[in-house]
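Given the structure is predicted, the values throughout are model-derived calculations rather than measurements.
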Amino acid sequence: MPRWVPPHEGEKVPVVKNIIYAFKILNKAEKTVMPFAFLSQLSTAVFTLFFQGVLFLKVLLTIIEGQATFEYFLKVLLIFFGVGVVYEVIIIWCDYMQNVAWKKVYKGLNNLIFQKAAELDVSCYEDPAFYDAYKRATDILTRGYFMAFVVDITNLLGNLAALILVIGVVTTIDVEYLIFLAPVLVVFPVQILRSKLFYKRDLETTTNNRIKSYTERTVFLKDFSKDMRTSNIFYVILNRFNRAVSDNIRIIKKYGVKLFFYHMIGSFFGELLPIVGTYSYASYQFINDSGLDISGFSVVLSSINSVRQTSTTIADSISELSNVALYFQNLRDFFEYDSKINSTELEAGEFESLEFRDVYFKYPSAKKYSLNGVSFKINKGETVALVGVNGAGKTTVVKLMLRFYDATSGEILYNGRNVKDYDVNSLRERFATVFQDYKTFALSVNENVLCHEGTEEEKELAKTALIQSGVWDKVSTLPNGADTVLTREFDEKGAGLSGGEAQKTTVARLFARQFDIAILDEPSSALDPIAEYKMYENLIDITKNKTVIYISHRLSSAVLSDNIIVLDKGVVAECGTHNELMQSGGEYSVMFTLQASRYTGEEVENVG
């Protein structure tokens with residue numbers, strides 16, 4: 001399976017398509033935010049730049065020159081006052097509606113991203129390129145790109161409307177003034193080029209920013225606090241953080257000269273030439289009595305200033321809109337990722353058999369195969385132990401069973417049919433799994449066990465499961481019993497569990513659900529020998545007539561198994577019952593004998 005490659009990697013980013021795509025995503029999350037933002041910006045641009053900056057000034061100067069009566073001025077003043085009141089009402093109303101709408105927007109957008117993340121292949125989470133893509137996608141929300149998108153769109157349209165009105169006033173005075181506004185057009189392509197440089201710069205800093213985020217996160221997390229204080233690992237991480245910051249400084253410097261150059265060109269054509277040109281021409285006309293009176297001269301200067309403001313805002317909006325459109329490509333790449341684990345509509349039926357037939361597998365970017373021609377068969381009702389030293393391929397076998405990955409070659413058969421022929425979710429629902437790297441979540445104990453918000457009846461089921469896993473005695477002492485939230489991250493009344501207690505809680509998930517096959521990957525790694533023995537007793541009881549697959553360094557679970565599969569360097573080295581393998585004197589016999597002779601309740605170095 002290849003590494004994550006964004007769909008448009010190496011291609012020219014389609015800015016216009018991305019703008020349309022962003023609008024569709026925004027509209028899907030919340031339909032009202034864009035109309036209210038547009039109404040607010042249009043009102044602001046037209047009222048401040050046209051009514052106040054040009055029209056009111058023109059009327060006022062006309063009256064001063066004696067070309068209109070005071071009564072006319074009062075009427076105009078009342079009209080402007082009325083327009084001003086309407087403007088303020090519109091702004092207040094739009095601000096309120098936008099505040100409400102943006103909360104809905106971020107809720108909707110986060111839900112879309114979280115849902116997509118949950119649907120991604122597990123292989124993505126083992127690919128650094130995917131993490132960069134995922135971070136860039138989430139940056140769209142955390143760094144306010146959607147808000148910038150709305151602001152840029154509404155700024156562009158609102159100021160464009162104001163620009164048309166102001167230019168209309170200028171042309172009534174002298175159409176030749178439009179010549180001095182022409183240089184503004186140069187600003188638009190320059191700003192687009194500038195935005196592309198910003199995008200390239202930020203793209204190069206993504207990995208370094210991820211390293212910085214990792215450092216900031218680990219320094220404050222409880223899980224890392226003990227190791228941070230009892231070793232030099234903190235300084236290793238700090239040095240990596242400093243290198244990431246230094247690399248970012250180097251990248252910023254690399255783009256700094258070009259960005260400064262583009263900024264100077266934009267300022268020259270967008271501000272210096274229009275202002276100097278129009279002011280000089282207006283002064284020339286006024287001094288030489290070329291038909292430009294005081295009111296016309298003042299209106300021209302005010303209008304040109306409004307034109308400069310609106311054109312600069314439009315240019316900046318186009319630049320920023322092009323910039324955020326480039327970032328929306330990251331969101332498109334993320335949402336348009338197609339799972340490599342293809343699924344069908346065929347439901348996986350009740351389990352009868354699972355067979356690996358000459359299976360080879362290599363992880364993405366790995367040089368060596370993790371599995372080399374593995375073949376075995378598990379039948380309904382069997383208890384099977386997968387044993388072997390670290391790196392033998394045990395956990396890889398489980399990942400292939402659950403279709404977190406597909407075999408590189410060979411076949412995996414469920415009830416005699418290739419697992420690729422089934423609906424992947426229905427296949428996984430047949431399994432109940434306790435992973436080696438078990439996790440509890442910042443939810444209540446009941447929610448951790450049931451994996452949903454349970455009814456009172458279901459909470460009784462969770463209690464039974466917690467008793468069977470051996471952790472109920474601890475849970476019953478918590479402030480709110482099984483309704484206590486684990487960790488104090490979100491609840492000051494929350495509680496923490498020891499490693500063994502947390503593992504028992506995850507094992508309780510297995511006891512609380514219906515399944516055909518139980519997969520237990522090191523289910524007792526954090527347990528003491530007595531707790532381990534009790535847990536296995538309960539497992540044997542609850543899994544009668546069920547299929548169970550044990551993966552463990554501790555070979556006590558292997559003794560209980562109907563069949564033992566010994567993996568060594570990605571191949572099946574031995575297969576048989578405990579007695580058969582002990583008599584054969586092979587790898588299993590050596591591992592078991594060494595472990596039995598030195599068993600202290602802890603794992604023995606370099607054994608199993």
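- Here CG of D247 is found 10.5 Å from CD of E204. Values are rounded to the nearest 0.5 Å.
- Residues L466 and A482 come closest through the heavy atom pair CD1-CB, 4.4 Å.
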Working for side chain to side chain contact (heavy atoms under 4.5 Å, CB included), residues L520 and I551: CA-CA 6 Å; L520 299 107; I551 301 173; over 6 Å; no

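- Neither side chain, Q115 nor N111, offers a donor N or O lying under 3.5 Å from an acceptor on the other.
- Considering all non-hydrogen atoms of both residues, N418 and E411 come closest at ND2-OE2, 3.5 Å.
- D423 and S343 form a side-chain donor-acceptor contact under 3.5 Å, judged by distance and modelled atom types alone.
- No side-chain heavy atom of V424 sits under 4.5 Å from any side-chain heavy atom of T344.
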Side chain to side chain contact (heavy atoms under 4.5 Å, CB included) assessment of R417 paired with L346: CA-CA 11 Å; R417 189 162 185 167; L346 180 63; 3.5 Å; yes

Test log, rule side chain to side chain contact (heavy atoms under 4.5 Å, CB included), inputs L354 and I412: CA-CA 7 Å; L354 182 69; I412 302 172; 4.2 Å; yes

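- K340 places none of its side-chain heavy atoms less than 4.5 Å from the side chain of D406.
- By the 4.5 Å heavy-atom criterion applied to side chains, N415 and Y422 are counted as neighbours.
- Classification of the F351-Y414 ring pair by plane angle, with boundaries at 30° and 60°, yields tilted.
- If you check the side chains of S444 and E447, you find a donor sitting under 3.5 Å from an acceptor.
- Contact annotation: the side chain of L109 approaches that of I25 to within less than 4.5 Å [non-hydrogen atoms, C-beta and beyond].
- When every heavy atom of K212 is checked against every heavy atom of A244, the shortest pair comes out as CG-CB, 4.2 Å.
- Note that K116 lies outside the cation-pi zone of F334, set by a 6.0 Å cut-off to the ring centre and a 45° limit from the axis.
- Salt bridge present: K459 and E456 bring a charged side-chain N and a carboxylate O closer than 4.0 Å.
- For NZ of K200, the number of neighbouring non-hydrogen atoms (other residues, nucleotides, ligands) closer than 6.0 Å is 12 at most.
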Steps toward side chain to side chain contact (heavy atoms under 4.5 Å, CB included) verdict (V374, V571): CA-CA 6 Å; V374 169; V571 300; 5.6 Å; no

Stepwise side chain to side chain donor-acceptor pair (under 3.5 Å) check, E429 with N425: CA-CA 6 Å; E429 285 174 359; N425 291 323; over 6 Å; no

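- A heavy-atom distance below 4.5 Å is found between the side chains of C575 and N563.
- In the displayed structure, E352 atom CD is contacted under 6.0 Å by more than 12 heavy atoms of other residues, nucleotides or ligands.
- The shortest non-hydrogen separation linking Y21 to L331 is OH-O, 4.3 Å.
- At least one donor-acceptor pair under 3.5 Å links the side chain of R428 to the backbone N or O of R403.
- Within 6.0 Å of the NZ atom in K399, the count of heavy atoms belonging to other residues, nucleotides or ligands exceeds 12.
- Counted within 6.0 Å of CZ on R513, heavy atoms from surrounding residues, nucleotides or ligands total more than 12; the atom is thus considered enclosed.
- Every side chain to side chain contact (heavy atoms under 4.5 Å, CB included) that E587 has, sequence neighbours left out, goes to V566, E574, M591.
- Under a cutoff of 6.0 Å and an axis angle of 45°, K362 and Y369 form a cation-pi pair.
- Between F146 and Y106, a ring centre-to-centre spacing not shorter than 6.0 Å is recorded.
- Look at K380 and E350 and you find a salt bridge, because one of the NZ, NE, NH1 or NH2 atoms lies within 4.0 Å of a carboxylate O, short of that distance.
- Annotation: side chain of D121 is not in contact with side chain of Y405 (no heavy-atom distance under 4.5 Å).
- Nearest approach of S469 to A508, heavy atoms of both residues: OG-CB, 3.7 Å.
- For the pair N448 and L486, the minimum side-chain heavy-atom distance is below 4.5 Å.
- Each of I517, I378, L427, T396 was scored for a side-chain contact (heavy atoms from CB on, under 4.5 Å) with M401, with one residue passing: I378.
- Looking at Y588 and M582, their side chains come closer than 4.5 Å, going by heavy atoms from C-beta outward.
- Using modelled atom types and a 3.5 Å distance limit, the side chains of S370 and Y360 yield no donor-acceptor pair.
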